[in-house]
Amino acid sequence: MKKIWWKSAVIYQIYPRSFRDSNGDGIGDLEGIIEKLDYLAELGVDVIWLGPIYQSPNDDNGYDISDYYQVHPEFGTMETFDRLLEGLHQRGMKLLMDLVVNHTSDEHAWFEASRQDTSNPHRDFYFWRKGKNGGPPNNWRSFFGGSAWEHDPTTDEYYLHIFSKKQPDLNWENPTVRQQVYQIIRFWLDKGVDGFRMDVIPLISKRLDFADAHLPTFNDVVNQVYSNGPRVHEFIQEMYREVLQHYDIMTVGEGPGISKTVGLDYVGEDRRELNMIFHLDHMFLGYGPDGRFDPVPYGLAEIKQIINDWDKAMGDQGWISVFMDNHDFPRMISRFGNDQQFRTESAKLLAMMILTLRGTPCIYQGSEIGMTNIQLQDIHECRDVETHNFYREYTAKGMDEATFIELANRYGRDNARTPMQWDQSPNAGFGAGEPWIKVNPNYTDINVASEINRTDGIFRFYQQLLHLRKNLPVLVYGSYGELPQDNPSLFVYQRQDESHTCFVALNFSDQVATFQLPVPTDSLQVVLGNYPDAGLSNLRPWEARLYQV
Ligand code: TEU
Ligand code: CA
């Protein structure tokens, strides 16, 4: 298997709107990130994935781009961006930008021209179709609820938007669209950016017959209708040939719809497409037929199965990024851990998991201090377009607000978008102005200032794991294998290479648990644990241990 810097690197995801507001307008900005570069260097991360900072009406908080060549004024200027990039490079860190080219904003000049008239040169930059029987061209549903088609009275046609109606899908069949996208990529790479996270890249090739979808769940529609279209690999290989291969960069595709059976088609070393993927199989667990706010039960067994299946599917030919939350999902401690009685222990357990599994780890901002979900009181405190759309849809069908808000507080994306908690000062030190979204009231206990000096703190635990990865190549390039246990609440696995064997034992429960390892206990050394005096005794609640033979 090829050894290369983006396999040993650790990514830290910044959601710029919520990281640090330097000018008191309530919105995080690039100057605020510059203020925190030493903090990021102290944590020990290698690559920063920066969420979209381009011109945008913010219908979907920057994932609806109206100008790819301009930094949004609320984030700063191109000069601020250049200083941020320089500041990262000076500290030996790299920068990934977020490439959102499955769709643009409806306020992009291309779309404003396209919607003018059916003969406009930009008409074919998007998907326009006549309605059918007085309604949309087919039964496709948007990720954000409602039809994936919006009627435009000017030309009495519908345009496709798999996400919000302010995010019209770009027509990648049009070679001019593709060349325009490649120009955007070159512009940022020529500025010295170190690569891209590619938003919903498996969706860029559409099934052009636009046949109705008749499948049991929305996940099925994503996997079988929206993703992995007939020309997706042709398009990504063209992007690689024309642009990506000419730079020493890292590319990670966000992969809704990329299943383990097609994963290698995107990241196989011989494919000349992408370096790795954020697959979402474990993140979409719990999505019922209607998606995120239609929950179904699942457990650790399903998560372990997905991890095992993907490791097998990648073999030594492909690569994934390992993550358990981001700006689109609830905080991992609240979703997979115990954010009340065992918040610190489960924060560290999840840190050990993402930093010792096989793949490039991605740490979401705030995980390093154990930030949790927030309880929003009503829809007016929610900010996410997805939440608002489903609130309207579900309450119109009779669901009462309190029931929906409970769903939003458990499964909604706003949970991950509350301001980073820096200290105990007002607004958690995020900024002087009223933040764009509510600060989690638990900031008085959970904040960087109080965490960073605790020798037994979560921040320190992340630092130790990041340091270990640099000194234990087996954690990067070693093989992975689960060590099945009698107790279903345990996740025990080994990492092995020609010179090292490590074991990781994780207890995902509030109870004490016995566990078995395949070697005599006196041959084991505890490298790191999240309880003092970690040894070979039973695993205490949410106990995590890294052993080396
Ligand atoms: O998300 C796409 C996606 O499929 C999942 O992250 C998630 O299921 C989705 O947010 C709907 O539930 C990417 C971005 O990460 C997300 O923030 C954007 O809203 C979306 O694409 C559209 O650009
Ligand atoms: Ca600001």
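Since the model is a prediction, treat every value here as computed from it, not as a measurement. Atoms within a ligand are numbered from 1 in the order they appear, just like the ligands themselves. Heavy atoms only: backbone and side chains are in, while hydrogens, waters and symmetry mates are out.
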Closest approach to the Ca ion (ligand 2) by [X], given as the N, O or S atom name:
X: Asp21; result: OD1
X: Asp29; result: OD2
X: Asp25; result: OD1

Would you mind listing which atoms of ligand 1 come within a distance below 4.0 Å of any non-hydrogen atom of [X]?
X: Phe144; value: 11 (C), 19 (O)
X: Glu254; value: 1 (O), 2 (C), 3 (C), 5 (C), 6 (O), 13 (C), 15 (O)
X: Pro256; value: 4 (O)
X: His327; value: 14 (C), 15 (O), 16 (C), 17 (O)
X: Glu386; value: 11 (C), 12 (O)

Which residue and heavy atom of the protein sit nearest [atom], plus the separation:
atom: atom 21 (O) of ligand 1; answer: Asp199 OD1, 3.0 Å
atom: atom 7 (C) of ligand 1; answer: Arg292 NH2, 3.8 Å
atom: atom 20 (C) of ligand 1; answer: Phe163 CE2, 3.7 Å
atom: atom 8 (O) of ligand 1; answer: Phe284 CE2, 3.3 Å
atom: atom 19 (O) of ligand 1; answer: Asp60 OD2, 2.5 Å
atom: atom 6 (O) of ligand 1; answer: Asp328 OD2, 2.6 Å

Inset, instruction - Determine, using heavy atoms of Arg413 and all atoms of ligand 1, whether some pair is separated by less than 4.0 Å. - result: yes
Legend entry - From Trp128, Phe210, Tyr158, residue fulfilling ring pair (Phe, Tyr, Trp, His ring centres under 6.0 Å) relative to Trp149: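 Per the ring pair (Phe, Tyr, Trp, His ring centres under 6.0 Å) rule, the option paired with Trp149 is Phe210, out of Trp128, Phe210, Tyr158.
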Distance-only side-chain donor-acceptor flag, [X] / [Y], under 3.5 Å:
X: Glu368; Y: Tyr39; result: yes
X: Thr360; Y: Trp6; result: no
X: Gln167; Y: Asp60; result: yes
X: Asn447; Y: Asp423; result: no

Inset, instruction - Please state whether the separation between the Ca ion (ligand 2) and some N/O/S atom of Ile27 is under 3.0 Å? - result: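 Coordinating: yes.
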Inset, instruction - Flag Ser22 as yes if one of its N/O/S atoms falls below 3.0 Å of the Ca ion (ligand 2), otherwise no. - result: no
Aromatic ring pairing [X]/[Y], orientation class (parallel under 30°, perpendicular over 60°, tilted between):
X: Phe293; Y: Phe404; result: tilted
X: Phe143; Y: Tyr226; result: tilted
X: His327; Y: Trp49; result: perpendicular

Inset, instruction - Would you kindly check if the NZ (Lys) or CZ (Arg) of Lys7 is within the cone defined by 45 degrees around the ring axis of Trp319 and under 6.0 Å from the six-membered ring centre? - result: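 The answer is yes, since Lys7 meets both limits relative to Trp319.
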Inset, instruction - For ligand 1, note which part of His103 has a heavy atom under 4.0 Å away: side chain, backbone, both or neither. - result: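 It is the side chain that gets close, since no backbone atom is under 4.0 Å.
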Legend entry - Residues, nucleotides or ligands: over 12 heavy atoms within 6.0 Å of Lys165 NZ: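 Incorrect, the count does not exceed 12.
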Legend entry - Spacing of OG belonging to Ser105 relative to CD belonging to Gln55, to within rounding of 0.5 Å: 9.5 Å
Legend entry - Nearest-0.5 Å distance that lies between atom CE in Met97 and atom OH in Tyr68: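 Those atoms lie 12.0 Å apart.
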Legend entry - Heavy-atom nearest neighbour of atom 4 (O) of ligand 1 within options Phe143, Tyr15, Phe390, Phe218: Phe143
